[in-house]
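Values below: all heavy atoms of this structure, side chains included; hydrogens, waters and symmetry mates excluded. Sequence lines set the chain letters: A, B, ... in the order given, protein chains first and strands last, and positions in each chain run from 1. Just so we're clear, the structure is a prediction, and the values are computed from it rather than from any experiment.
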Amino acid sequence: MMTISEIQDRLRSGGDWKEIRDSFLRRIDQLQEELKAFIPNGIFSDAEPEADSGSLYGVPIAIKDNICEEGKLTTCCSRILEGFRPPYDATVIKRLKSAGAVLIGKTNMDEFAFGSSCETSCYYPSRNPWDKERVPGGSSGGSAVAVASGMVPVALGSDTGGSIRQPASLCGVVGLKPTYGRVSRYGLIAFASSLDQIGVFSRNVEDSARVLQVIAGYDEMDSTSAEVEVDNYLQYLSKDLKGVKVGVPKEYFEEGIDPEVRHFVNNVRVVLQDLGARCEEISLPHTKYCVATYYIVATAEASSNLARFDGVQYGLRIKGRNLLDMYLRTREAGFGPEAKRRIILGTHVLSSGYYDAYYLRAQKVRALIKRDFDQAFTEYDVIMTPTSPTPAFRIGEKINDPLAMYLSDVFTISANLAGLPAISLPCGLHSEKLPIGVQFIGKAFDEKTLFRVAYAYEQATPWHTKFPRFE
Amino acid sequence: MGKFDKVDYLARLIRIELSEEEKELFSSQLGDILGYVEQLKEVDISGVEPMYHPLPITNRFRKDEVRPSLDRDKALSNAPEAKDGFFVVPKVIE
């Protein structure tokens, strides 16, 4: 179970990157069959560093199946992208390669990142390493499983409404969603373009900072990438929190939350205060509208983004009598049920006669949600909430009830709507032996403060040392 | 909320040939979801500007100069059918 700095220590004392890679490959070999973290044919046992040195030299990393890696199968776990091998590298992949990382495989996910359980993958559901009858969360479930089970030290995911933080919470690892625009989306297959952001899974906060350091920064290939300087994150990892003000929004502790989740997240407050922070209850009054707002905005953007999958340029084609018939058959066979539902809903909320009532209204409520945060951040440095209202649920429990599934993202969606950075880290173990996560939400481009608070908490508590055991 | 009655119409717009079972299922599931989002009607949005995007970025232009771009053969390499440098689709005009 090596961290990045342990890998670096081993390399400095004469170790070989190949031995390190092979030790992780053995772990993958041992656990992939039962946990299904990677997609079929998605483990690259001959992966090697493409640079002679770098801050991630020799570090194996797993990549979510919606991030383009040149020549490597990239399918968003959808039949409609069957056989797609991107002709170029995503910007994050280029940066990882230049930093010397070893790109070891592509991880399982909900189809097009539509889901919170990894059950909508066209291949198979991934399994939670703490309890194989439970979901790992989603949509970046495979990346969470790979890190939690020690198959890789770090992995990339993407987060549109909680798709990094919720699986991180359910699998007991650290999950970071950076500020919108902090990391280039070039080469990330788009779900909802105003919400999507690539981020990091790791076993501890330091490794999260190390990977963000490599992938963050302006990229001219992404017109929504921000021209904001990247801080030196490691410099902000310190063990005391004197002067830090933490807002705890009461709306995140109300109905629907598991009592043990509430208990452990409340304990975080006590630890933060012992470290010198001041925690106070605040109110984010529009919280209850986040899920409804999100499912209008996100499906609207998705319906537009998924129009490009039509059997012409890449992926699946089912033959038809004419062009229209080919489209109809290809898209019927290529998309799974959740993708179809979202394309239908998104098209509806954008259609003439309904646009004002749904889409325009949702974008105005979104502005109010953002305004709640802006006001809170005039007084507080970070906001603390549970990441998910419950620990991991059972496979099959919510798959036939889309609305219940959507509500499992109730605490993570607001950061995407407002474009803010947020991190989830383990803060307890439920009586059913399942991890519980706490979320910190920060000001735009203030990942350094998120890392500072998360690191101090992590170092003061034992949770980052707890991982699932395997026979 | 009851069933959503526009699935058939929307399915044609989005070019997906749904089965009868899917139409039935989606009508009831989307009815529930649209019922849930009704709660946005209670929010006072008077005078609020819509937030389409988290960052205050608008049209980001670059100089209109020719630059290297994706090689044509590479761009065609994933096509289900390609010929003479083009994507091939079924006949559009009979």
Using heavy-atom distances under 4.5 Å, tell me whether A:S303 contacts chain B through its side chain, its backbone, both, or neither. neither
Side chain / backbone / both / neither for A:F309 at chain B, heavy atoms under 4.5 Å: neither
Looking at A:R331 and B:E17, would you say the former's side chain and the latter's main chain have a donor-acceptor pair under 3.5 Å? no
Rounded to the nearest 0.5 Å, how far does CZ of A:F335 lie from CG of B:L18? 11.5 Å
If you count heavy-atom pairs within less than 4.5 Å of chain B, which of A:L195, A:V291, A:V297 leads? A:V291
In terms of heavy-atom pairs under 4.5 Å with chain B, which of A:Y289, A:Y88, A:Y314 leads? A:Y289
Where does A:K288 contact chain B at under 4.5 Å (heavy atoms): side chain, backbone, both or neither? both
Flag the one option from A:L306, A:V312, A:L403 with the top tally of heavy-atom pairs under 4.5 Å to chain B. A:V312
Highest number of heavy-atom pairs under 4.5 Å with chain B among A:R371, A:R329, A:K370 belongs to A:K370
Which bit of A:L81 comes within less than 4.5 Å of chain B, counting heavy atoms only: side chain, backbone, both or neither? neither
If you draw a 6.0 Å radius around CZ in B:F86, do more than 12 non-hydrogen atoms from other residues or ligands fall strictly inside? no
Scored by heavy-atom pairs under 4.5 Å with chain B, the best of A:E332, A:E220, A:H286, A:R317 is A:E332
For the atom pair CG (B:N59) and OG (A:S223), what is the distance rounded to the nearest 0.5 Å? 9.0 Å
A:T330 versus chain B, the contacting section by heavy-atom distance below 4.5 Å: neither
Counting neighbours of OH on A:Y354 that are heavy atoms of other residues, nucleotides or ligands and sit closer than 6.0 Å, is the number greater than 12? no
Interatomic spacing from CD in A:Q313 to CG in B:N78 - rounded to 0.5 Å: 10.0 Å
Specify which of B:P50, B:S19, B:A11 makes the most heavy-atom pairs with chain A at under 4.5 Å. B:P50
Please report the closest heavy-atom contact between A:A418 and B:P54, naming both atoms and the distance. O-CB, 4.2 Å
Check whether A:A307 gets within reach of chain B through its side chain, its backbone, both or neither, counting any heavy atom under 4.5 Å. neither
Can you tell me how far OG1 of A:T293 sits from CE of B:M51, rounded to the nearest 0.5 angstrom? 11.0 Å
Distance, nearest 0.5 Å, that separates CG of A:L345 from CG of B:L34: 5.5 Å
Minimum side-chain heavy-atom gap B:V92-A:L324 below 4.5 Å: no
Contact between A:Y180 and B:H53 at the side-chain level, heavy atoms closer than 4.5 Å - yes or no? yes
Validation row: B:E49, A:K364 side chains within 4.5 angstrom (heavy atoms): no
Heavy-atom distances under 4.5 Å only: say whether B:K6 touches chain A with side chain, backbone, both or neither. side chain
When you compare the side chain of A:L328 with that of B:I16, does any pair of heavy atoms fall below 4.5 Å? no
Non-hydrogen side-chain atoms of B:Y52 and A:R366 separated by less than 4.5 Å: no
Supply the atom-to-atom distance B:I45 CD1 to A:Q363 CD, rounded to the nearest 0.5 angstrom. 11.5 Å
Around B:F87, counting heavy atoms of other residues, nucleotides and ligands shown, do more than 12 lie under 6.0 Å from its CZ? yes
Ion pair present between B:E81 and A:K319, side-chain N to carboxylate O less than 4.0 angstrom? no
For B:E42, is there an ion pair with A:R361 - N to carboxylate O distance below 4.0 angstrom? no
If you count heavy-atom pairs under 4.5 Å between each of A:A444, A:G419, A:A367 and chain B, which one has the most? A:A367
Do B:L40 and A:Y358 come close enough that some side-chain heavy atom pair is under 4.5 Å? no
For the side chain of B:R15 and the backbone of A:Y327, is there at least one donor-acceptor N/O pair under 3.5 Å apart? no
Closest approach of A:P402 and B:I33, non-hydrogen atoms and distance? CB-CD1, 4.2 Å
A:N400 versus chain B, heavy atoms under 4.5 Å apart: side chain, backbone, both or neither? backbone
Tightest non-hydrogen contact, residues B:P80 and A:G311, listed as CG-O, 3.4 Å
Honestly, the part of A:I296 sitting under 4.5 Å from a heavy atom of chain B is side chain
Structural part of A:E70 lying under 4.5 Å from a heavy atom of chain B: side chain
Do the side chains of B:R60 and A:E227 get close enough for a salt bridge, i.e. N-O under 4.0 angstrom? yes
Given A:K340 and B:E22, is the salt bridge (Lys or Arg N to Asp or Glu O under 4.0 Å) satisfied, shown in steps? CA-CA 9 Å; A:K340 288 173 184 165; B:E22 283 177 313; 2.6 Å; yes
Donor-acceptor under 3.5 Å (A:R85 side chain, B:S77 main chain): no
Tell me if the CZ atom of A:R308 is crowded by more than 12 foreign heavy atoms within 6.0 Å. yes
When the 4.5 angstrom heavy-atom criterion is applied to B:L30 and chain A, the contacting part is side chain
